Every structure is written in structure tokens, then in C-alpha cells.
Trainee: 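Input: one structure, supplied below.
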Amino acid sequence: MPNQPCSSQATDSRRAFRRNQSAIAKREGATQRYVAHLIKLAFLAPEIMSAIIRGKAPANVSLDRLKKGFPLDWVEQRKALGFPPRSPR
């Protein structure tokens, strides 16, 4: 596939990603949509994930809120989800 245009390669990648999501969903007895939501959570900043696990996240941070999307940039995630800015080290 080295001679494929970029848009074709991207389309192929998206199709492969969806097939993988579908396979995971089938194996786990879940919907593909649910698996897609869970995969997005892998992009949360580690400190945000830790706060959620410890029950220290702001009250507005819920699964429903996270399913609506969040920035990939960790600094922007903190702002968008209502976490205070990190203090400089």
C-alpha cells in the first residue's frame, strides 16, 4: 500500500480500527459503541485517571461527561474537566 494516497490509507486505517473495536465488543459481550467510549478513556491524563479512581475528581466528571469528549492535550483536559491548574515543579 505504499503508493496509496493518504486519504485512502486513512480510510483503510479507520476501517481496521472499527473491525478491531467490533472484535473486542463481540469477545467481551459489549456493543461497539461502548468499546469506542472505553478506548477514548485511554487518552486521559494519568493524574486525571488517578483522581477519578481515588474519588477526588470534580463533581462534574462522570462517565456521561467523558463520553461527550475531551481534549487530547493534558493541560486542556484539566481546564475542560474542571481540575485546578498544576502547580509548577
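Keep in mind that this is a model prediction, so the values were computed, not measured.
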Trainee: Got a second to check how far L63's CG is from H37's NE2, nearest 0.5 Å?
Mentor: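 Nearest 0.5 Å value for the CG-NE2 distance: 8.0 Å.
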Trainee: Applying the 4.5 Å side-chain criterion to the ILVMFWY set and letting contacts propagate, would I52 and L72 be lumped into a single cluster?
Mentor: yes
Trainee: Side chains of R15 and T11: do they bring a donor and an acceptor to under 3.5 Å?
Mentor: no
Trainee: Do side-chain atoms of R65 reach the backbone of L81 as a donor and acceptor pair under 3.5 angstrom?
Mentor: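 No: the side chain of R65 does not pair with the backbone of L81.
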Trainee: To the nearest 0.5 Å, how far apart are CZ in R27 and OG in S22?
Mentor: 11.5 Å
Trainee: Would you say that R78 contacts E47 through its side chain, given a criterion of any heavy-atom pair below 4.5 Å between the two side chains?
Mentor: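 The answer is yes; the side chains approach within 4.5 Å.
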Trainee: Rounded at 0.5 Å granularity, tell me how far OG1 in T31 sits from CD in Q21.
Mentor: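 Output value for this atom pair is 10.0 Å.
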Trainee: Compare all side-chain heavy atoms of I24 with those of L38 and state whether any distance is below 4.5 angstrom.
Mentor: no
Trainee: Does some side-chain heavy atom of E28 sit less than 4.5 Å from a side-chain heavy atom of V35?
Mentor: no
Trainee: Look up atom OG in S50 and atom CG in L44, then write down how far apart they are to the nearest 0.5 Å.
Mentor: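 So the OG of S50 and the CG of L44 are separated by 11.5 Å.
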Trainee: Taking all non-hydrogen atoms of both residues, which atom of W74 and which atom of F43 are closest, and how far apart?
Mentor: NE1-O, 3.6 Å
Trainee: Just wondering, do I48 and V61 contact through their side chains at under 4.5 Å, heavy atoms?
Mentor: no
Trainee: Is there a path of hydrophobic side-chain contacts, each under 4.5 Å between heavy atoms, that joins Y34 and L41?
Mentor: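 Yes, Y34 and L41 fall within the same hydrophobic cluster.
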Trainee: Is there a continuous path of hydrophobic side-chain contacts, each under 4.5 Å between heavy atoms, that joins I53 to F70?
Mentor: yes
Trainee: Can you tell me if Q77 uses its side chain to pair, donor with acceptor, with the backbone of P71 under 3.5 Å?
Mentor: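 Confirmed, Q77 side chain pairs with P71 backbone.
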